[in-house]
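Here is the structure we will look at, set down as structure tokens.
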Amino acid sequence: MSNPLDTDAGTELFKHYETEYQLVRADLTQKLDQINELSGEPRKAALSAAERALEETDELVGQMQMEKQNVPSSQRTAINRRIRDYKSDVDGYRRKLRTLAEDRSALFGGRYTDNPSGSSGDAQLEQRQQLLSGTDRLDRSTQRLKASQQLANETESIGANTLATLQQQRETIEHTTRVMYESEGYVDRSLKSIKGIARRMATNRIITIAIITVLVLLIFAVIFSKFK
């Protein structure tokens, strides 16, 4: 049997499921203990009530298993240990319920016989078959629930991985966008620098032409003054 709640690990919803589990488990234990004292129709009713309580405990364990994904990783070890204990408890209750359900003499009282005959035997056989059918349905429902829980866990894991991938892609796109904006800024500054250089080159060209023109005129003036 698992111990009572002895740790604060888990989310608020997980703790709520644990509290519900403890209450339902206590009710199931009481019902199983009462079955031993009953026979006939009261025993059948008690078995049905215990089956419903067992299904509820199994569902609560499944809900805890799903909510475990939201528990901080530092608390996962303790949570996994508690869930394993709960599953072990549920399996033990299921075996005990099956044993009680298979006790034909207690279920049918003095009317039970291993070799039924006549109409009374037919009725007893039908009741036995109904009880076995109910137990089989319980087992099938439990297996379907476990399969659904496993599928839900796998789906949740895939969804979490997909979200993580999308987050990484978003960060990559945002980084690329920032780099593009920065590159555009560099290009704008480069264009401005090139335009400034071009203007300075044009100014220098004009100044050079002006100086050469002045020098040529001075040369002509000197030559002209010598031949005058």
Side-chain angles (χ1 to χ4, degrees), residues 2 5-22 55-88 90 141-226:
S2 61
L5 300 182
D6 54 3
T7 176
D8 292 331
T11 64
E12 289 299 323
L13 183 56
F14 187 91
K15 295 174 185 176
H16 171 73
Y17 289 147
E18 279 190 309
T19 301
E20 289 293 322
Y21 173 83
Q22 297 294 335
E55 291 177 356
E56 189 172 355
T57 57
D58 203 18
E59 289 177 1
L60 287 168
V61 173
Q63 290 170 337
M64 283 188 276
Q65 180 74 28
M66 295 178 63
E67 181 60 20
K68 179 187 69 175
Q69 306 299 325
N70 298 323
V71 174
S73 57
S74 60
Q75 301 177 2
R76 291 282 178 84
T77 301
I79 291 298
N80 286 332
R81 182 169 58 251
R82 284 150 64 183
I83 290 177
R84 284 196 300 270
D85 290 342
Y86 297 150
K87 287 182 177 179
S88 177
V90 172
S141 298
T142 301
Q143 294 302 320
R144 285 196 297 269
L145 179 59
K146 289 183 177 179
S148 298
Q149 291 171 353
Q150 182 178 1
L151 178 61
N153 291 335
E154 292 175 354
T155 302
E156 185 174 0
S157 177
I158 293 173
N161 292 334
T162 302
L163 288 176
T165 301
L166 291 175
Q167 180 65 23
Q168 293 176 352
Q169 292 176 349
R170 177 183 177 182
E171 292 175 355
T172 301
I173 292 173
E174 290 177 348
H175 176 71
T176 303
T177 302
R178 288 195 299 271
V179 171
M180 289 179 61
Y181 284 146
E182 293 174 357
S183 300
E184 288 180 358
Y186 294 145
V187 171
D188 291 340
R189 288 193 292 272
S190 299
L191 289 175
K192 291 179 181 179
S193 299
I194 292 173
K195 289 179 180 179
I197 293 172
R199 285 194 298 270
R200 287 194 294 272
M201 289 178 63
T203 302
N204 291 337
R205 187 178 296 110
I206 293 171
I207 294 173
T208 301
I209 293 173
I211 292 173
I212 292 172
T213 301
V214 171
L215 290 173
V216 170
L217 290 175
L218 288 174
I219 292 170
F220 277 115
V222 171
I223 294 174
F224 179 75
S225 64
K226 284 183 179 183

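What you see is a predicted model; the values in this text were computed from it and never measured.
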(request) Please name all residues satisfying side-chain contact (heavy atoms from CB on, under 4.5 Å) with Glu67, sequence neighbours left out, ordered by chain then number. (result) Thr11, Leu13, Phe14, Tyr17, Asn70
(message) Please evaluate residues Lys87 and Ile83 with respect to the criterion side-chain contact (heavy atoms from CB on, under 4.5 Å), reporting the C-alpha separation (whole Å), side-chain torsions for both, the decisive distance (0.1 Å), and the verdict.
(response) CA-CA 6 Å; Lys87 287 182 177 179; Ile83 290 177; 3.9 Å; yes
(message) Nearest 0.5 angstrom please: Glu18 CD to Lys15 NZ, how far?
(response) 9.0 Å
(request) Give the intermediate values and the outcome of side-chain contact (heavy atoms from CB on, under 4.5 Å) for residues Glu171 and His175. (result) CA-CA 6 Å; Glu171 292 175 355; His175 176 71; over 6 Å; no
(message) Nearest 0.5 angstrom please: Arg82 CZ to Met64 CE, how far?
(response) 9.0 Å
(request) Give, for atom CD1 of Ile79 and atom OG of Ser74, the distance between the pair rounded to the nearest 0.5 Å. (result) 10.0 Å
(message) Salt bridge check, Arg178 against Glu182: does any charged N sit closer than 4.0 Å to a carboxylate O?
(response) no
(request) Determine the minimum heavy-atom distance between Lys68 and Arg76, stating which atoms define it. (result) O-NE, 3.1 Å
(request) Could you tell me whether the side chains of Gln63 and Tyr21 share a donor-acceptor contact shorter than 3.5 Å? (result) no
Run the side-chain donor-acceptor check on residues 193-207: report pairs under 3.5 Å with partners two or more places apart or on a different chain.
| residue | atom | partner | partner atom | Å |
| --- | --- | --- | --- | --- |
| Ser193 | OG | Arg189 | O | 3.0 |
| Thr203 | OG1 | Arg199 | O | 2.9 |
| Asn204 | ND2 | Arg200 | O | 3.2 |

(request) First locate atom CD of Gln167, then atom OG1 of Thr172, and finally report the distance between them rounded to the nearest 0.5 Å. (result) 10.0 Å
(request) Flag the pair Val90 / Tyr86 as yes when at least one side-chain heavy-atom distance between them is below 4.5 Å, and no otherwise. (result) no
(message) Could you measure the distance from the CD1 atom of Ile223 to the CG atom of Leu218? Nearest 0.5 Å is fine.
(response) 11.0 Å
